[in-house]
Amino acid sequence: MEPVTDIFREKALKALNDTELQEAMRANRAFSASVRASVHGLKEFNAMREQAKAIKNHTLDNLGAYLESYEREARKNDIHVYWAGSGDQARNIVTAICRSVSARTAACGRSMIGSEINLPRALEEEGIIRYETDLAEYILQLAGGESPSHVSGPAIHKTQGQIRELFYERHKKQRSEDRDPAASEDLLAEAREILRGRFLSADIGIIGANFLIAENGANILVTNEGNGDLSTLLPKTTIVLASIEKVLPRMADASLFLELLCTSATGQNATAYQSFYLGPKPMDASGNEGRTHVVLVDNGRSEILGSGYWPILRCVRCGACMDNCPVYGSIGGHPYGWIYPGPMGIVWSALLLGREKASDLAHACSLNGRCNEVCPMGIPLKELIHGLRWDQWETGAVPLRDRAVMKTWEFAASSPGLYRWITRGISLTGSIPVPGRGIFDPFFFSRDRSGAKAFPLPENTPFNRLWQTYKKDRQEWKQDKQS
């Protein structure tokens, strides 16, 4: 999808007033709560996180050596390895492979890097029919190519009722008496019935990879539906797309990272399918030798590695940060404007698309730090987002109005007397009713930010006065007790 990250506020306001989206997000919050319970139940979580963080830091410090080792071992396994410095190069490599085997149809497993480089458009321009095989991505494809709203649950913004109506409209199937169209298992059966034929007829399979192993050239993919295996094993040609930070040193490291990923993403100890692709592709039903191609994509990662934002490269795309983000939980993923939503998306979008294209996103955060607490890789997301805001300030990207307001606030907050005078004035005027707003909005300078929120009436007695009264009363109590 083409990124549209510069109208976050407009999209966020629309999302807050979308009743069906809010219904879907309530269901997602319930699911997120169960995932949090699983994480809290993993007593070794913090120790495992520190170990994984150390392994990943070591890998990133020696990324070139581990990538070369992976390439060398993968080639021993009869896997063709390609290097793509940019999204354009990656798309060209994939389409060239498709042309070399005269592919007209492709079974696609979910690939974040494929979406990042806009591979679907490249396949369409090449005349290749793309079959999304991940159930959520299939739903989005039926909906006209909607963008995903979550890294591990791309269609969580849709209610079950919306999916039922979409299937009825696009599948044109008659409802049988023995099938309940409202039941999730019957919706799944309906999708499975259609997708089976597409697996069998696809000329080429295109998948992603959760991890790459430098020690033996293995590609690791986790799914809960088995669509990755079917997209890999049935077509005679397979393409694996992976960004360069996905490499791990040893196979022994995989179990640690898989448990952290699965627990943080879905609350499972392990997903239903954990596939390790090591050897050459088997022959197809006609006895033709298959081929596996791996495309390693940089697309800006090397620049990130050399910057102060390098910890984001530890990200395993679990979605824990967005599941625990109050902003994301209220508006979903689409207002962020690209394939990476939530706290991690704020950082990825700014670094991969450019700070100027994602300037609004740096302010789509309350800086409460919950994302730091739940990230299985210990990424300091709050600090990275704060850094993006500071970069905007330092480069003059913050609008003059906002700069003036912040400077005024800085001056007032550094003077206790002036601060008390201003807050006392706000408390006295805060109860003045204004038509259409209910109460006076003291933040008139940021109406575009505060317009969707009803401010509570301020207290008549400021906290400073309450605190002084408390200290006085406590001092008198101590004197009385001593006497």
Side-chain angles (χ1 to χ4, degrees), residues 78-80 90-91 93-111 113-115 117-146 148 154-155 163 166-174 176 179 185-209 219 221-241 272-273 275 277 279-295:
D78 198 28
I79 295 174
H80 302 262
R91 290 193 300 271
I93 290 171
V94 172
T95 53
I97 295 172
C98 291
R99 284 195 297 271
S100 70
V101 296
S102 302
R104 307 317 307 164
T105 57
C108 298
R110 185 147 199 268
S111 166
I113 189 64
S115 299
I117 66 174
N118 208 355
L119 181 61
R121 172 174 287 187
L123 295 176
E124 180 182 350
E125 292 174 351
E126 196 69 22
I128 296 172
I129 300 174
R130 173 176 56 92
Y131 300 137
E132 291 293 347
T133 61
D134 176 90
L135 179 59
E137 290 286 358
Y138 173 68
I139 290 169
L140 298 183
Q141 187 176 30
L142 286 184
E146 285 187 15
I163 297 172
L166 179 65
F167 276 25
Y168 182 73
E169 176 187 347
R170 299 303 299 272
H171 292 164
K172 304 298 183 184
K173 295 177 70 65
Q174 295 294 323
S176 61
R179 177 175 290 184
E185 58 269 24
D186 285 335
L187 290 173
L188 179 61
E190 191 169 313
R192 183 188 295 119
E193 184 179 336
I194 291 172
L195 287 173
R196 278 176 177 169
R198 295 179 177 179
F199 287 121
L200 294 169
S201 64
D203 298 318
I204 198 166
I206 303 176
I207 62 170
N219 310 311
L221 180 66
V222 298
T223 68
N224 270 318
E225 302 165 28
N227 61 303
D229 288 348
L230 292 172
S231 297
T232 302
L233 298 175
L234 293 179
K236 65 180 181 180
T237 303
T238 298
I239 300 175
V240 179
L241 280 170
Y273 298 88
S275 304
Y277 305 112
K281 189 171 179 64
M283 293 185 179
D284 64 15
S286 302
N288 299 314
E289 183 180 358
R291 293 288 183 184
T292 298
H293 307 264
V294 175
V295 183

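Remember, predicted model here, so these are calculated numbers, not experimental data. Atoms considered below: every heavy atom in the structure, side chains included; atoms not considered: hydrogens, waters and symmetry mates.
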Looking at T232 and Y277, what are the two nearest heavy atoms and their distance?
-> OG1-OH, 3.6 Å

Candidate pair C98 and L123, rule side-chain contact (heavy atoms from CB on, under 4.5 Å), full reasoning | CA-CA 9 Å; C98 291; L123 295 176; 4.3 Å; yes

Hey, what do you get for OG1 (T133) to CZ (R196), rounding to the nearest 0.5 Å?
-> 14.0 Å

Given the rule in the salt bridge (Lys or Arg N to Asp or Glu O under 4.0 Å) test, do D78 and R291 qualify, once you have shown the distances and angles that lead to the verdict?
-> CA-CA 8 Å; D78 198 28; R291 293 288 183 184; 3.6 Å; yes

Check: N219 side chain, A209 main-chain N or O, donor-acceptor pair, under 3.5 Å | no

Rounded to the nearest 0.5 Å, what's the gap from CZ on R110 to CG on L221? Could you check?
-> 11.5 Å

Return the orientation label for the F167 and Y138 ring planes: parallel under 30°, perpendicular over 60°, tilted otherwise.
-> perpendicular

Sorted by chain and residue number, the salt bridge (charged side-chain N to carboxylate O under 4.0 Å, His left out) partners of R198 (sequence neighbours excluded) come out as none

Residue pair I97, I204: steps toward the side-chain contact (heavy atoms from CB on, under 4.5 Å) verdict | CA-CA 9 Å; I97 295 172; I204 198 166; 4.3 Å; yes

Which pair of heavy atoms, one from G109 and one from S231, lies closest together, and at what distance?
-> N-OG, 4.1 Å

For L140 and P148 the tightest heavy-atom approach is CD1-CA, 3.6 Å

Kindly determine whether V94 and L241 satisfy side-chain contact (heavy atoms from CB on, under 4.5 Å), including the steps that lead there.
-> CA-CA 9 Å; V94 172; L241 280 170; 4.0 Å; yes

Quick one: does E132's side chain have a donor or acceptor within less than 3.5 Å of a partner on Q141's backbone?
-> no

Any sub-3.5 Å donor-acceptor pair from D203's side-chain atoms to T105's backbone N or O?
-> yes

In this structure, OG of S111 is separated from CD1 of I206 (nearest 0.5 Å) by 9.0 Å

Only one of V240, T238, V294 passes side chain to side chain contact (heavy atoms under 4.5 Å, CB included) with I79; say which it is.
-> V294

Once you round to the nearest 0.5 Å, how far does CD1 of I93 lie from NE2 of H80?
-> 13.5 Å

Can R104 and I129 be said to form a side-chain contact (heavy atoms from CB on, under 4.5 Å), step by step?
-> CA-CA 6 Å; R104 307 317 307 164; I129 300 174; over 6 Å; no

NZ/NE/NH1/NH2 to OD/OE distance under 4.0 Å, E190 and R192 | no

Could you tell me whether the side chain of Y273 reaches within less than 4.5 Å of the side chain of V222, counting heavy atoms only?
-> no

Please report the shortest heavy-atom distance between A202 and P235, naming the atom on each side.
-> O-CB, 3.8 Å

Is any side-chain heavy atom of I239 less than 4.5 Å from a side-chain heavy atom of V295?
-> yes

Interatomic distance, L135 atom CG to L188 atom CG [nearest 0.5 angstrom] = 6.0 Å

So OG of S201 and OH of Y131: to nearest 0.5 Å the spacing works out to 5.0 Å

By salt bridge (charged side-chain N to carboxylate O under 4.0 Å, His left out) - contacts of R121 (at least two apart) = E2

Please walk me through it: do R130 and E124 pass salt bridge (Lys or Arg N to Asp or Glu O under 4.0 Å)?
-> CA-CA 8 Å; R130 173 176 56 92; E124 180 182 350; over 6 Å; no

